[in-house]
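To start, the structure itself, in structure tokens.
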Amino acid sequence: MTAHYRHLSLEDRIEIERLAGLDVPRAGIARLVGVHRSTITRELGRGSWQPEHEHANLRPYLRNKLDTRERHGRLYLAGQAQLAADTRKARSHEPFRMGYDRLVDWVITHLRKGWTVEEIAGRVPIEFPDDARMRVSAETLYAWIYSPHQQHRGLWQYLPRGHRKRRKKKGRNVHRERFKWRTSIHDRPTEIEDRRQFGHWESDSVIGTHGSGGIHTTVERTSRYYQAIKIPQIAARPTVDAQISLFATLPAHAVRSVTTDNGSEFAFHYELADALAVPTYFADPYSAYQRGTNEHFNGRLRRYLPKGTSFDDLTQDEINSFVNEINNRPRKILGWATPAEIFHELTWEPTPTT
């Protein structure tokens, strides 16, 4: 019967030292200690050491104080192995990279600028190619930000969602029809799903407080290029007019389809198809993950315009400045290029001559 994995205790290591000294095979040690033989192999491999031959003769626990081992024999000492294991355990969850003051200062500065941890982790090697200590992973940054020792800094408030604790996302599986001539996301072509083809967009709305209007937002799935336009209310007519005004200025290959949620503001989707030959696909109700790119970028816009903000005095120029900052931030998925760079390249690339 295979033994379940468990951490070795000091008593286990003392027994391993005794049995190893009697030349018991590793499989036999594993059975007697009650662990898998791979655990014994790893323990002896990392816990043994090679003493100097002449110094080993002076160790009192060797028989008659004589070194009867082979010239290259290794010793396993339970006490030293336990000390090494305790040290590894203490360090195993430490974000050790964040002990470098220059890195800490750079990270905090860019968190306060609104950069995400992935953007910071991806950009550090580019900014400091010759400093090996200026390297950190996104997960290490999250662990450091949320570690108890960093809570006094309140760095979590600079993250995109500003949550005090890390959260998991969940969705509900609900399906129902809402609009006439509605095309489900499940009928969307595969080239849209895998983002191979440029020109497919996701759209949604950002609502101001107390009837102060809204913002129609849309993001291109391949380049992650984001656009937003203020509308007087979240309704079907202003929304389709905003869509047409945004897309009409772009070449045909840059606007091939739109995917939206089931909000009533998209009820006139057929007018977009009539005007620009752009089909609309509808996600399942309560399934925001199916339009994850748009949801993500709306979250970025909300960092400038938090929920509860009135849009009465908000101007399109202010929205454009927010969107410009968003589109000129490096993105990991783009190889740390910016959405603006990729979108411009894919939209206005020269037409091949024949």
Side-chain angles (χ1 to χ4, degrees), residues 90-171 195 202 204 206 217 219-226 228 288-307 309 321-343:
R91 296 182 58 187
S92 63
H93 300 294
E94 290 183 359
F96 62 94
R97 287 283 184 183
M98 301 309 294
Y100 184 34
D101 290 343
R102 187 183 187 189
L103 178 59
V104 170
D105 291 343
W106 201 88
V107 167
I108 292 177
T109 297
H110 287 78
L111 280 172
R112 288 173 175 168
K113 288 182 178 180
W115 286 39
T116 68
V117 293
E118 288 194 340
E119 290 168 351
I120 292 172
R123 192 67 183 183
V124 164
I126 298 175
E127 295 288 338
F128 305 94
D130 300 323
D131 190 346
R133 291 177 296 177
M134 293 295 286
R135 303 289 185 273
V136 66
S137 69
E139 185 56 36
T140 295
L141 283 177
Y142 275 121
W144 178 70
I145 291 169
Y146 284 106
S147 67
H149 300 297
Q150 299 300 321
Q151 289 300 302
H152 67 282
R153 297 181 186 266
L155 297 176
W156 49 266
Q157 64 186 315
Y158 299 113
L159 298 177
R161 298 295 184 268
H163 293 156
R164 286 181 176 270
K165 296 182 180 180
R166 300 181 71 176
R167 302 183 181 184
K168 295 182 179 180
K169 296 181 179 179
K170 298 182 180 180
R195 303 177 191 259
E202 295 178 9
D204 198 4
V206 175
T217 66
V219 60
E220 201 281 316
R221 284 172 55 84
T222 299
S223 65
R224 276 69 172 182
Y225 185 75
Y226 188 61
Y289 66 90
Q290 294 177 341
R291 301 174 301 99
T293 303
N294 189 238
E295 290 289 327
H296 172 79
F297 278 91
N298 282 351
R300 292 193 170 205
L301 183 61
R302 277 296 191 188
R303 300 177 72 179
Y304 300 93
L305 302 168
K307 289 184 178 180
T309 300
S321 68
F322 303 151
V323 170
N324 184 60
E325 288 188 10
I326 292 171
N327 283 328
N328 284 281
R329 295 254 297 274
R331 297 280 296 162
K332 179 181 179 181
I333 195 69
L334 303 177
W336 302 113
T338 68
E341 292 169 342
I342 301 300
F343 183 77

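Counting begins at 1 with the first residue of the sequence.
Contact record, Ile145 with Trp156: CG2-N, 3.7 Å, taken as the closest heavy-atom pair. Shortest non-hydrogen contact noted between Val124 and Arg135 is CG1-N, 4.0 Å. Summarising the geometry of Leu334 relative to Ser223, their closest heavy-atom pair is CD1-O, 3.4 Å, with the distance given to 0.1 Å. Nearest heavy-atom pair across Arg329 and Trp115 is NH2-CA, 3.2 Å. Nearest heavy atoms, Ala121 versus Ser137: CB-C, 3.9 Å. Minimum interatomic distance between Pro330 and Thr338 (heavy atoms only, all atoms of both residues): N-CG2, 4.0 Å.
Put simply, the side chain of Ile333 does not reach to within 4.5 Å of the side chain of Arg195, judged on heavy atoms. The closest side-chain heavy-atom distance from Met98 to Leu141 is below 4.5 Å. Side-chain contact between Trp144 and Val104 is present, with heavy atoms from C-beta onward closer than 4.5 Å. For the pair Ile342 and Arg224, the minimum side-chain heavy-atom distance is 4.5 Å or more. Using a 4.5 Å heavy-atom threshold, the side chains of Leu301 and Thr217 count as touching.
Here the OG1 atom belonging to Thr293 is positioned 9.5 Å from the CD atom belonging to Glu220, to the nearest 0.5 angstrom. The distance from atom CD of Gln157 to atom CZ of Arg112, rounded to the nearest 0.5 Å, is 8.5 Å. Between the OG1 atom in Thr116 and the CZ atom in Arg331 there is a gap of 7.0 Å [rounded to 0.5 Å]. The OH atom of Tyr100 sits 10.0 Å away from the CG atom of Asp105 when rounded to the nearest 0.5 Å. Rounded to the nearest 0.5 angstrom, Arg102 CZ and Asp131 CG are separated by 5.0 Å.
In this structure, Arg300 satisfies the cation-pi test against Phe297, with its NZ or CZ atom closer than 6.0 Å to the six-membered ring centre and inside 45 degrees of the ring normal.
Each of Gln150, Gln151, His149 was compared with Arg153 under the side chain to side chain donor-acceptor pair (under 3.5 Å) criterion, and only Gln150 meets it. Checking Asn327, Asn298, Asn294, Asn324 one by one against Tyr226, the side chain to side chain donor-acceptor pair (under 3.5 Å) holds for a single residue, Asn298.
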Criterion side chain to side chain contact (heavy atoms under 4.5 Å, CB included) on Glu118 and Trp336, from CA distance to verdict: CA-CA 10 Å; Glu118 288 194 340; Trp336 302 113; 4.2 Å; yes
Derivation of the side chain to side chain contact (heavy atoms under 4.5 Å, CB included) call for Ile108 and Tyr158: CA-CA 9 Å; Ile108 292 177; Tyr158 299 113; 6.0 Å; no
Side chain to side chain contact (heavy atoms under 4.5 Å, CB included) assessment of Leu103 paired with Val136: CA-CA 9 Å; Leu103 178 59; Val136 66; 4.1 Å; yes
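Residues Arg123 and Glu119 are not paired through a salt bridge, judged by the lack of any N-O separation under 4.0 Å between the basic side chain and the carboxylate.
Side-chain atoms of Arg221 do not come within 3.5 Å of backbone N or O of Val219 as any donor-acceptor pair.
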